[in-house]
Each structure stands twice: as structure tokens, then as C-alpha cells.
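One structure is given here, and the rest of the page talks about it.
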Protein chains: 2
Amino acid sequence: VVGSVALDTVKTPFGQVEDVLGGAVSYFSLGASLYDRVNMLAVVGEDFPRRYIDEFRARRIDTTGLYMMPGKTFRWGADYHLDMNSRDTLYTELGVFGDFQPEVPDEYRRSDLLFLATIQPTLQLHVLKQARAAGTVQLTALDTIELWINTAREDLIEVIRHVDVLLLAEEEARQIAETPSLRTAARYILGLGPKTLVVKQGQYGALMFGADGSFFAAPAYPLDEVRDPTGAGDSFAGGFLGYLGQRLSSGARLTAADYRRALIHGNILGSFTCEDFSVERLRTLTPEQIAARYHEFVTFTHFEGDWRD
Amino acid sequence: VVGSVALDTVKTPFGQVEDVLGGAVSYFSLGASLYDRVNMLAVVGEDFPRRYIDEFRARRIDTTGLYMMPGKTFRWGADYHLDMNSRDTLYTELGVFGDFQPEVPDEYRRSDLLFLATIQPTLQLHVLKQARAAGTVQLTALDTIELWINTAREDLIEVIRHVDVLLLAEEEARQIAETPSLRTAARYILGLGPKTLVVKQGQYGALMFGADGSFFAAPAYPLDEVRDPTGAGDSFAGGFLGYLGQRLSSGARLTAADYRRALIHGNILGSFTCEDFSVERLRTLTPEQIAARYHEFVTFTHFEGDWRD
């Protein structure tokens, strides 16, 4: 995984935290490491707390590519509104992340899955080319944000053409395709090259469109309380790709059924992350808790019988 | 079913219609009559087109209780915004609907299911008492709108205490329970008396909470194009209660599995209604088309296997 490691300051109606572990790569790695080994490619400043690096290393996360550069770590601050569906970004201080030139360490060149989390599309393409040159990557996935859709559209379309899976929030899919219809947006995006489009709908679950015309929809896990939705999308990617990576590591050929199960794992990890601030819930999450929630998903989505039954 | 029959003027980005058949009872009845017989209790003015009444009668809809009163039919006009998720109500002319005093005809007194569509809560309670006095009603269901939550809260709570099933839009459930958490809202509402709460989430599907702690979630049918969402919620009720009514008519005792299938039928009828203006799509809808969409639902929501598979 390549992307951001950050220090977040977040306020929600349930409380607030200051300069705590954040960034797409942190959420993704802590989530995906519950399924398989993760190689982390990111940059932090000299102010980055050593304990977070120790925490990554204590799990199945390789930090060879977590470069420490002179300067400050990427910092982000946000206030969530009462309904938790919108937030005000208070500040974005890029620090050393602003000059990030990701180079894939030799140690990572045997990865079979690559996740390009949100960074500038030209950097995503740069990492993709390095990974492809290594020759072992079997599955590539990409996430982005509105900023790059608006300011680097051509570069973004170029990198989209070269990945297998696209993970987008609902509004991002509509913006890329410039249409209000999600199905039309999916056809446009899949027409560019990807084989799979995952549309994240937050509290409403997720949809998955295949280039073969297949479609899958799963509702979200019904949480009693969303304490902090920060990182839910990156945790979703951690569950989705962590599960697929585990399958690849075991030598399996990915099937349509694997992708469907992966989407449920994405929903599950996204839901756990919302239960507490920062990466707090991912810290204590166990495979048994994931399994229990998976079984709940089976139970609360299952229906049977013919329509006349 | 008791509620409104109206003449709607609606404009969406896809076109517009003027003084066409609308109102909760129209959508509900045309939908539910695909499953079972429907007894209609509503009022129209002398200006109500005869052809609409003929249309009801040509289906399994009894119009004995569709009273024609001196004056004008309820008229409603609305403009939908580009995203189709919000609309401006241009006018609401109650006409004879403003003085509606619903009296259940003797012919209806052997109904086994009662749907109280949106009208003033005291009138809903009045009809409920008449239906209960007849003694054959096995299942009662209620819908409402924000207007009554805000202006007749106590009366609304009173009628909620006496029905089996509540059908609410997501925001209405939150408003009634005065909490942002849907799960908390469900507990509050089910604590008042109903055995089942259905939360309609429009383009995102629907949730069903049981007083026994059960939970079911189903995504929406992914439409290529929403031409006019008017009546989708009433059509949802038509599919949901039409299916349950058909089961009751066949002498079945309703099971949890029936309720789950009913929710899928609700989603299906809601989705069909969005495909065209007014009740247009319900006019041509066939049981075979419902069956085909039901099978699509099974296909695009199904996933299997244990989490480690």
C-alpha cells in the first residue's frame, strides 16, 4: 500500500482527539494486517511518534518503506457536524508528504497485490509502474478523492486505465463519470479499463459492478453509534483487499464469490473503525470479532424462497 | 387502505405531467392489487376523471369506499431538483380531502389487513377502531409524514401504539424518536407497541427491525434512471403489504421469512414506480416482471461461505 500516514486532530459530537495516528495507509495497514502481511510505502517527519512505528512492526506490517524525512508529518484537522454525514476540514498541513516521491523498496517487490491509496495520480502511476516491473503483482487497486478528480483529471483517468479495481465513494464515481446515475457512471468507469468498481456508500453499505455486467449490493452493518467515521473508507479497503490478498497468498484464483465475501469484509472493517476515534478500534480488533460480524451479516441479509412462497 | 387519492402535477429533469393520478391510495392500490384484492377508502371531488375509477375497477380494487364529494379533488404540485433527492412542493390544494371523514363501508369489514396511509392521525385512529370492531383484521400498518410528526405528535404516538407495523422514511423515524441513531430510534418506536418497523431509505433500500430484536437489511434495486420518484414509498407499501395480504388470504400464518420476502417486494414495487411518471409503470406491471426482478434481487444480494473460505 502507498499513500499517507498522518497525525489527525478530530472533533465529533462524541469527543475529540489531537495529533493521533491517521492517514489512509495507517487505517488500511492495521485493517489488512488482520488478514495478511502488509508492506507500507509512506513518508513521515521527524516528529512522528516512534510508538506508532513499533505498533506497525508488532503486527504483520513491514515498515521498510515508511521513510522518515526532515520536516513535519502530514497533519489534518476536522470537525464533524451533528449528523456525522458532513465535516469541516480545519487544516491540511502537508509537511514532508508534500514532497513525497515514493520508491518501492526491493523488499516489497514480491507483493502480489498493490493498493494505491489517495495520492497525486502521477505518483500512483509511478508506483504502479515500479510494481508492474517487478512482475509479481496480480491485482492492483486504486482509491482517490475529489481533489484529484477536480485538479488532475487527465492523470487520474490515465492511472484508472491501468488498474484492476477502483474503490470510490458514491459522489466520486458520479463526479468522474459526470452523471447522476450510478449505473451509467459504472459503465463509463469500467469502460476505461478496470474489471471491478466498488462504490462505497458509507452508512448505506457498498455496491460492486463488474466489467462482465455483474452486480452485487450489500447493506452496511447497523451501528448503534458512530463515534468517528474518519478512516472508514480506508479500513473498508483494508478489509476488502486484505481478504483478497489472503486468498492470493494461499494460492487461490480469485472468484466472483471471493469478491462478494471481500465486499462484506470491507463493510465489516469500515463499521468497526466508526466505533471509536482514530485507529483505536482496529488496535483491539480480533479475527474472532470479524468472524462474528460476518455471521451477523449472513443472518441479517439472508432471504429465501421464490416470490410466490 | 385509507388515505389520499390526488391529481398530481410533477416536473423532473426527465419531463413533466399535469393533473395526473396520484395520492398514496392510488399507488398503494395499483401495486397491492397485483398480489391480492384491495378495498379503497378515500375521497375525490366531482372533477375526478371517471377513467381513473374505471381503471381501479378493472383491477382487483373495490371502489365502494371511494367517495365523490361536491368540490375539487386534492391537488399537489412539485418540482424535483436535478439530483432527484429533493423537491420543492409548489402547492397543496386539499379540496374535498380537507374535510375527509372516512367511514369504512360494510363491504370492507372482512378485510384481514388494514393500511393506514398518511392522513391526520386522529382519522387513522378512527378507521383503525372501525376495522378492529369488525373483528377480522389480522394485521394493521401505518405510514405518516413529517407534517403530522411536527403538528400532531401526541395523536400520532397514540395511533402508533395500536398498530402492528410502522412504515417510515429514515428521517421520519429519526424525528419521531428524536435521535440521530436509527437503531436507537427503532428501539424507541418498537417500545411504543408495534411489532415491526420498516425504515425506507429510498435509493439505498430498506431496513426492518422487529420487537423481538431481529433485523433485516436489503439494498435497493439499482435503476439506470429515476424518472419520477413520486409514489415510490406508497408503492413500497403496496408490494410489502400486498405480499403479506396474499399470504394471509391463503390462510398462512405470517413468518419472519414472509416479512423478509415482503420487504423485497416493497423494494421491487418502489423501484418500478420510479421508472416512469405518476402510476404509469404500475399500469403495465405484470406478476412475471415482479418475479423476474425478485430473482435479480436474489442474485445480486447473495453471498456465501464462511469468512475464511
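Just the heavy atoms: all of them, side chains too, but no hydrogens, waters or symmetry mates, feed the values below. Computed from a predicted structure; not experimentally measured. Order of the sequence lines fixes the chain letters, A, B, ..., with proteins taken first and strands second; residue numbering starts at 1 for each chain.
Within the 4.5 angstrom heavy-atom criterion, atoms from both the backbone and the side chain of A217(A) approach chain B. Heavy-atom distances place the side chain of Y221(A), and not its backbone, under 4.5 Å from chain B. Looking at I264(A), the atoms closer than 4.5 Å to chain B (heavy atoms on both sides) all sit in the side chain, from C-beta outward.
Ring planes of H302(B) and H302(A): tilted class, angle from 30 to 60°.
At least one side-chain heavy atom of F303(B) sits less than 4.5 Å from a side-chain heavy atom of T301(A).
The greatest number of non-hydrogen atom pairs below 4.5 Å with chain A, out of Q203(B), R260(B), R174(B), is found for R260(B). Contact tally against chain B (heavy-atom pairs below 4.5 Å) for G205(A), P219(A), S214(A): the top residue is P219(A). Across E225(A), M208(A), E296(A), R187(A), the residue that shares the most heavy-atom pairs under 4.5 angstrom with chain B is R187(A).
The ring-ring contact (aromatic ring centres under 6.0 Å, His included) test applied to F240(B) returns no partner, not counting sequence neighbours. The side-chain hydrogen bond (donor to acceptor under 3.5 Å, both in side chains) check on E146(A) picks up nothing, with sequence neighbours excluded.
R261(A) places a side-chain N or O within donor-acceptor distance of the main-chain N or O of E304(B), the cut-off being under 3.5 Å.
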Show the atom names and distances, to 0.1 Å, of all donor-acceptor pairs under 3.5 Å that link a side chain in residues 194-201 of chain B to residues at least two apart or in another chain.
| from | atom 1 | to | atom 2 | distance (Å) |
| --- | --- | --- | --- | --- |
| K195(B) | NZ | D164(B) | OD1 | 2.8 |
| K200(B) | NZ | D143(B) | OD2 | 3.4 |

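Counting heavy atoms of neighbouring residues, nucleotides and ligands inside a 6.0 Å radius, atom CZ of R37(A) does not exceed 12 of them.
Residues of residues 270-280 of chain B never come closer than 4.5 Å to chain A when only heavy atoms are counted.
The minimum heavy-atom distance between D224(A) and T184(B), with the atom names listed, is O-OG1, 4.3 Å. F300(B) and F216(A) make their closest contact through O-CD1, 3.1 Å (heavy atoms, listed as atom of the first residue, atom of the second, distance).
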